[in-house]
Protein chains: 2
Amino acid sequence: MAPRSNETKQRILDAAEKLFAKEGFAGVTVRQIMREAGADVALAYYHFDSKRDLFDAVLMRRADHMNDVRHAALDAVEQRHPDDAPSVQEIIEAFTQPLLKLLAEDHDTWRDYFALIAQINNSPQWGGELMTRFFDPLVRRFMDAIRRAMPDAADVDLFWCYHFLSGALTLTFAETGRIDNLSQGLCQSKDMDAISDRLPRFIAAGFRHICNPT
Amino acid sequence: MAPRSNETKQRILDAAEKLFAKEGFAGVTVRQIMREAGADVALAYYHFDSKRDLFDAVLMRRADHMNDVRHAALDAVEQRHPDDAPSVQEIIEAFTQPLLKLLAEDHDTWRDYFALIAQINNSPQWGGELMTRFFDPLVRRFMDAIRRAMPDAADVDLFWCYHFLSGALTLTFAETGRIDNLSQGLCQSKDMDAISDRLPRFIAAGFRHICNPT
DNA sequence: AGACTAATTCAACGTCCGTTGAAACGCAAC
DNA sequence: GTTGCGTTTCAACGGACGTTGAATTAGTCT
């Protein structure tokens, strides 16, 4: 009965991802997850050590791929500019568009995971530690690229601008329906094309305005 | 023994605010809250109908004051410009600075409340409904003011720019320590002066770049 | 066919959950 | 000084929680 193991494990991770994204770590019980996964509650503890371990496994499962597509996008930008520095907007696009593209093209697969990241990023409980653990190397590389594009910018300005970018991007991931309500349907939380058209330009303009010494 | 009632009620709200902000609604038990408040668990149900009712009461307690200071700031901007339209940046400052000022000047009082708002804004569970309920009138007035400052802007652009503003602002409220880690101490989550100096200018530049038809 | 192993089920453990009813307390008015 | 009322305490309820050990199933190898 060996090869069925991974299939079940993935079903558990799917169910956990979906429920954690909606209600947070504490808002979901292991029994709920296993009911959603259609498996016995004890299987959660056969495949994972604890509820917390399952939570970490949910985060880990897609983290590598998330980082890979962003690294690849930054690679492409740098190869496009072997001698000169890319523009700030190109770099920001390499940071944001791979994720927005994942969400646009495979929404059902990625929506819950991104929504979970959004909650974690804004949680005093998890935000500092987990975001650092999962994304620091990529973000550092991204910051280095920006620094080369704006060699006269002060580091402190760059970090705060990244902070604003991070907030704008993760609220997009949350897909709370808030903007749908506010705009009375004119904008839709899940409309990643609308975001893609605007977010990188919005953020790049902010970076330039704050970080460019006159 | 009548007049002590409100004092206890406030102690319960303080404790609930602190704990909800850190661990979310589901991550906190009524018993934890009452232990923190130094009162018997049954008192929670004497002063409030249920755990959920207590949660709502925590949100309601400071919502009016939050809205008041922002309305007052917008009043001041409009009185400063009886005939012409204020600049986008002035309007955004009226939206952000009153809150950043509260946080800077009375950090212990407001930190937990703002952190709670940050989590709610990024939660699929609460974000859409609660943010709309508490802040829609103010945000609509703010959007109207921006619209007057940029009469040629498309509504859909304005709403998306507001969305980016909302994300950047609420991540600031969360004070997760992430930016502290990333910048290795160069930036500090609680440094509201650093935010005040940069956020409105960053956001105003984004609005102008996206919403100004060339 | 029978032994071995990984996967799954079942039943239960001690603990803590949100919530409640009744009793006790402290203060004001009469 | 007793009545009355708003506040607080105490003890408990049914149920759900995270987690576990032992038994059962299904597939693999000899």
Side-chain angles (χ1 to χ4, degrees), chain A residues 1-61 112 116 119-120 123 125-126 129-130, chain B residues 1-61 112 116 119-120 123 125-126 129-130:
Chain A
M1 208 180 188
R4 275 191 55 79
S5 165
N6 198 57
E7 186 186 318
T8 303
K9 207 167 167 176
Q10 296 301 321
R11 272 213 333 279
I12 297 174
L13 287 168
D14 287 341
E17 183 176 83
K18 174 176 170 180
L19 293 172
F20 283 147
K22 222 171 285 179
E23 328 239 9
F25 176 74
V28 176
T29 72
V30 178
R31 285 171 171 86
Q32 279 179 277
I33 293 169
M34 299 311 288
R35 207 176 306 135
E36 173 84 26
D40 190 277
V41 61
L43 265 180
Y45 294 90
Y46 176 76
H47 288 290
F48 307 94
D49 286 344
S50 65
K51 182 186 177 186
R52 175 56 203 267
D53 186 60
L54 170 55
F55 185 69
D56 287 346
V58 167
L59 293 178
M60 292 289 288
R61 176 168 63 149
D112 293 332
L116 187 53
Q119 274 188 269
I120 287 171
S123 149
Q125 190 185 14
W126 312 100
E129 185 213 330
L130 288 182
Chain B
M1 209 179 187
R4 275 190 56 80
S5 164
N6 198 59
E7 187 185 317
T8 303
K9 206 166 169 176
Q10 297 301 321
R11 271 214 333 280
I12 297 174
L13 286 168
D14 288 341
E17 184 176 82
K18 174 176 170 180
L19 294 173
F20 283 145
K22 223 171 285 179
E23 328 240 11
F25 177 74
V28 177
T29 72
V30 178
R31 283 172 170 85
Q32 278 179 279
I33 294 170
M34 299 311 288
R35 207 176 305 134
E36 174 83 26
D40 190 278
V41 62
L43 264 181
Y45 295 90
Y46 175 76
H47 289 291
F48 306 94
D49 286 345
S50 65
K51 184 187 178 186
R52 174 59 203 266
D53 185 60
L54 169 57
F55 185 69
D56 287 347
V58 167
L59 292 177
M60 293 289 289
R61 177 165 65 149
D112 293 331
L116 189 51
Q119 274 188 271
I120 288 172
S123 149
Q125 190 185 16
W126 312 101
E129 185 212 331
L130 289 182

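Chain letters run A, B, ... following the sequence lines, proteins first, then strands; residues in each count from 1.
Comparing C:dA11, C:dT8, D:dT8 by their closest approach to the side chain of A:Val41 singles out C:dA11. Residue A:Tyr45 has its side chain nearest to D:dG18 when only C:dT8, D:dG18, D:dT8 are considered. The side chain of B:Val30 lies closest to C:dG18, out of C:dG18, C:dT8, D:dT20.
B:Asp40 places its CG atom 14 Å from the P atom of C:dC25, with the value rounded to the nearest Å. Between the CD atom of B:Gln32 and the C1' atom of C:dG18 there is a distance of 13 Å, rounded to whole Å. Rounded to whole Å, atom C1' of D:dA16 lies 12 Å from atom NZ of A:Lys51. Rounded to an integer number of Å, the gap from CD1 of A:Ile12 to C1' of C:dT8 is 10 Å. Between the CG atom of B:Leu54 and the P atom of C:dT19 there is a distance of 10 Å, rounded to whole Å. One atom, OH of B:Tyr46, and another, P of C:dA23, lie 18 Å apart when rounded to the nearest Å. As rounded to whole Å, 15 Å separates atom P of C:dC17 from atom CZ of A:Arg31. For B:Glu7 and D:dT8, the CD to C1' distance is 14 Å, given to the nearest whole Å.
Taking 4.0 angstrom as the limit, A:Thr8 places a side-chain polar atom (N or O) nearer than this to OP1 or OP2 of C:dT8. Proximity of B:Thr29 to the phosphate of C:dC17: a side-chain N or O atom is located under 4.0 Å from OP1 or OP2. Phosphate contact (OP1/OP2 of C:dA6, side-chain N/O of A:His47, threshold under 4.0 Å): absent.
Note on ring orientation: taking the six-membered ring where Trp is involved, the planes of B:Trp126 and B:Phe55 are tilted (angle from 30° to 60°).
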Worksheet item: Stepwise, does the salt bridge (charged side-chain N to carboxylate O under 4.0 Å, His left out) test hold for A:Asp56 with A:Arg52?
Response: CA-CA 6 Å; A:Asp56 287 346; A:Arg52 175 56 203 267; 3.2 Å; yes
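One N or O on the side chain of B:Lys51 and one on the backbone of B:Phe25 form a donor-acceptor pair closer than 3.5 Å.
For B:Phe48, the side-chain contact (heavy atoms from CB on, under 4.5 Å) test picks out B:Lys9, B:Ile12, B:Leu13, B:Asp53, B:Leu54, B:Ala57, with sequence neighbours left out.
Annotation for A:Gly27 and B:Ala26: closest pair CA-CB, 3.3 Å, computed over non-hydrogen atoms.
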